[in-house]
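Here's the structure, in structure tokens; my notes come after.
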Amino acid sequence: MIAAGNPDVKTARRPREGGRRFPLHWVGALPFLIYVALFLLLPTAIVVVGAFVGKAGPSLSNITDLNQQFVLNAFVSSLLISTASAVVGAVTGALLAYAVATGNPRGVLRRVVSSACGVLAQFGGVTLAFAFIATIGSVGFIRLWLQERGLDIYANGVWLTELPGLVLVYTYFQIPLMVLVFLPALDGIRPQWREATESLGGGTWHYWRYVAGPLLAPAFLGATLLLFANAFSAYATAAALISQGNPIVPIAISNFLTSETGRNNPGLAQALALGMVVIVAIVMTLYALLQRRTSRWLR
Amino acid sequence: MTTTVAAAAVGTATRAGVEVRLENLQRRYAGVTALDGLSLTMAPGELVALLGPSGCGKTTALRLVAGLEQADSGRVVVGGEDVTGQPTNKRDVGMVFQAYSLFPHLTAWQNVAFGLQMRKVDARQRRQRAGEMLELVGLSGFADRFAHQLSGGQQQRVALARALAIQPKVLLLDEPLSALDAKVRARLRDEIRRVQLEVGITTLFVSHDQEEALAIADRVGVMHSGRIEQLGPPTTIYSRPATPFVAEFVGLTNRLPGVVRGGEVDVRGSRLPLVQPDTADGPAIALVRPEAVSVASGGETAAAPLVGTVIATAFLGATSRVTIDLGDITVLAQLPTSEATALPAGTRVRIAIRADPVLISRDEAAPERA
Amino acid sequence: MTRARRLRLRVFRVIVLVLGGAFFLVPIGAMFEFSTRGNRVGAPRTLEAWTTIVTYPDLLGAIRDSLGLATITSVGMLVLLLPTMIWVRLRLPRLKRTIEFLCLLPLTIPAIVLVVGLSPVYRWMAINLVDTIFLLSFAYLILVLPFAYRALDAGLSAIDVKTLSEAARSLGAGWGTVMFRVIAPNMASALLNACLLSVALVLGEFTFANLLSYLNLQVEIFQLGLANAGTSIAVSVASLMFAFILLVILSFFGRPRKRVAPERTGLPYPIAAAGPR
């Protein structure tokens with residue numbers, strides 16, 4: 001009885017399990033995959049494909065349309081402010097991170113600064129634009145205060161709503177981001193390396209030139225690239241702050257996207273968006289490569 | 001093969017060892033005394049190990065010699081020259097750290113050549129000398145590896161080669177073995193000693209591991225609360241500890257309650273001579289090495305002060321350590337393994353304590369019944 | 001370290017920290033200052049800009065809508081992401097990298113690019129389904145994915161999901177019980193983190209709403225700014241403070257116990273990047 005029953009159970013089970021096991025596993029992940037396909041992958045595909053579709057089927061007209069003066073100007077402006085804000089943010093942020101890293105690793109200062117940076121790096125958009133308008137706008141607090149003392153920061157025009165102003169405002173979130181990204185790298189620097197340098201006859205200059213500098217360079221460069229991508233992708237702050245006329249790429253895209261401006265051109269918007277994706281992808285790949293090197297040296 | 005090649009390399013590395021003197025060094029941090037008047041004279045080419053528990057000041061002493069910290073008072077004299085005020089990078093000290101001190105962005109040979117680069121030695125010579133030094137520590141095949149491609153033991157060898165490449169006057173070893181596992185540790189310890197003897201450099205070695213310190217050093221200084229409690233050859237430190245602290249820190253020690261009477265201590269009826277016979281009478285703890293305890297299983301085993309039961313035996317190789325329960329205390333005895341195997345747990349035994357001079361400790365002497 | 005060097009370092013730190021502190025605090029202080037100004041030059045301080053907030057029904061509506069969006073997005077995020085992540089850990093470990101990659105992908109795609117791609121999708125939804133501001137939640141869920149993923153992943157890594165679920169299953173629990181009564185309670189702080197991050201992100205979102213022509217809080221603040229700068233800045237300050245409080249709570253409480261190793265993710269982006277800008 002028992003001997004006869006056992007093989008029965010086995011043969012009865014095997015096909016059923018083999019049959020349902022594989023699909024049921026995957027069904028669990030399906031809702032998520034479908035959602036991401038619809039709202040993340042599909043839009044990305046729409047941009048990529050749309051960039052190569054003209055009014056009558058596949059065409060390169062959108063891409064060739066990129067070769068217009070104002071489009072090129074927009075890219076140049078975007079690259080300029082992204083580079084400037086990334087470099088300023090990286091240098092200042094690195095100094096700030098160093099000031100924090102040389103303190104007590106479990107101290108109050110460190111905790112407060114990293115929390116503040118976590119919050120400030122998220123800060124952006126309309127609120128940030130307004131904060132700077134309230135500070136150094138034409139009736140801003142600091143602007144008026146300086147004016148009373150005979151110092152006109154707008155002697156040559158209101159630059160806050162121009163590209164230089166955008167660079168300044170961007171540094172407000174770039175610096176904290178730099179602190180967050182660079183602090184772990186600084187923590188990876190071991191005090192023994194400085195002591196070893198000194199015992200081998202090197203001074204402060206040698207330490208920075210031959211040890212700390214080369215060790216931190218990939219992390220610093222990588223962080224700068226990250227900041228670049230961060231600024232390059234930003235739209236809301238610029239939209240709330242900048243005056244028309246000298247747009248950066250995201251604003252140019254929004255102009256082609258909304259019909260109010262009368263220049264509605266989704267195809268060109270998609271081509272511009274594709275351009276942004278390509279640039280960000282290149283930058284982020286470089287970042288990932290540098291990050292890999294950093295993680296090997298400074299763990 | 002290594003000896004001849006190494007000897008050739010040493011020819012360029014050697015610099016006659018110099019005398020190193022630490023004179024009455026004091027160092028306090030925010031109210032805590034790290035060094036309390038430490039003095040030590042190291043003969044040329046000598047290897048002195050500073051041994052002690054963490055916080056005893058041994059690392060501070062080493063860092064003062066390196067110039068990585070400044071003494072509040074006292075002097076460091078290297079080869080007759082007072083270097084107390086000199087910064088580290090002018091002192092000509094070679095230093096090996098606990099771990100992770102190799103520059104991770106440089107290969108092994110570049111690490112070794114680093115100090116020569118600081119000294120503006122030209123590139124060809126740097127490369128050549130780095131090769132020689134790597135050969136000296138037995139790593140010639142690893143010149144182009146990065147730190148993360150080397151094992152912990154290999155990293156420390158490179159660190160040693162790097163420290164020696166600059167022909168320093170003193171070699172400072174700051175617990176260089178503590179991050180390694182036991183087997184590698186013993187091998188590298190002997191390797192460090194071999195290289196040190198070949199180069200003939202005066203060396204200060206800091207460790208919290210007594211076995212390591214006793215095995216490697218010409219002389220051992222046992223440190224406690226910022227001072228050297230006892231300084232002497234390893235055998236002396238082990239067999240004739242000068243203070244209770246040394247006796248208890250170095251090796252295993254039985255703490256046996258007893259009473260001091262007329263220059264002797266009475267432990268459960270055994271009278272043992274004292275290291276310091278002028279000790280005042282009264283209750284005390286006698287510190288007795290396990291080797292001084294012998295065990296006999298035959299004869300009278302009725303209840304008596306020195307009769308008890310074997311409760312455990314730990315096999316250590318040629319010798320074994322037997323734990324005997326005497327009722328109110330337990331005693332460790334170290335015996336040849338052949339004798340210990342005849343005493344399984346549960347055996348009634350009688351112990352005897354060899355009448356070597358013993359040290360006594362009085363800090364816990366109060367609750368005494370004998 | 002020599003005493004001279006220690007002193008130099010100290011001076012350097014004080015200078016950098018004071019200047020940095022000033023740079024970050026002054027604009028926020030200036031917003032307070034601006035929002036309490038009188039109408040005329042030399043007029044006394046007034047809270048008029050703050051009290052008039054309630055007189056703008058559009059603004060109140062936008063606040064309500066944004067809070068609604070934040071709630072829907074948080075709930076949707078938990079419903080979509082948490083079971084998937086647990087399931088992948090338990091039964092589909094092969095898929096972990098893929099899920100991680102997909103979740104972190106929105107960090108590298110600029111928001112404006114997503115808007116370009118999503119605008120036909122939204123046009124279709126508005127025509128064929130319903131046209132309501134709450135449709136934005138679909139896009140916001142994508143925006144919060146990276147942050148929610150990191151928070152939840154940290155929470156899941158801190159507990160032994162597999163053992164917990166096997167123990168519960170051996171005691172007769174079904175998959176629903178395992179997820180909601182065994183695993184979720186053990187990662188409460190991670191859930192809170194993920195939700196707070198989502199709320200903070202949604203309340204600060206401008207790009208999607210503005211370009212898809214919905215009036216959420218930030219868009220309303222922006223438009224109000226053209227008419228009444230004082231009040232719009234007052235609302236800005238209020239929303240900012242709200243977000244700050246959320247994020248400060250988060251940064252003090254919900255420190256992930258284990259950091260996601262950057263080289264594993266393929267997209268080594270820090271959690272802070274890509275806020276509502």
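The side-chain contact (heavy atoms from CB on, under 4.5 Å) check on Glu81(B) picks up Val83(B), Gln86(B), Lys169(B), with sequence neighbours excluded.
Residue Ser199(A) is tested with Asn89(B), Val93(B), Leu68(B) for a side chain to side chain contact (heavy atoms under 4.5 Å, CB included); the sole match is Val93(B).
Only the backbone of Ala99(B) comes within contact range of chain A, with at least one heavy atom under 4.5 Å from a heavy atom of that chain. Both the backbone and the side chain of Tyr100(B) come within less than 4.5 Å of a heavy atom of chain A.
In terms of heavy-atom pairs under 4.5 angstrom with chain A, the leader among Gln98(B), Arg119(B), Lys90(B) is Arg119(B). Heavy-atom pairs under 4.5 Å with chain A peak, among Ser101(B), Ala165(B), Ala66(B), at Ser101(B). When Leu200(A), Leu215(A), Val211(A) are compared by the number of non-hydrogen pairs under 4.5 Å with chain B, Leu200(A) comes out ahead.
Here the side chain of His105(B) pairs no donor or acceptor atom with the backbone of Leu216(A) at under 3.5 angstrom. Although no hydrogens or angles enter the test, the distance criterion places no donor-acceptor pair under 3.5 Å between the side chain of Arg190(A) and the main chain of Phe103(B).
In the displayed structure, Arg110(A) atom CZ is contacted under 6.0 Å by more than 12 heavy atoms of other residues, nucleotides or ligands.
Between Arg162(B) and Ala196(A), the shortest heavy-atom contact is NH2-CB, 3.5 Å.
With rounding to the nearest 0.5 angstrom, the CG atom of Leu172(B) is 11.5 Å from the CD atom of Glu195(A).
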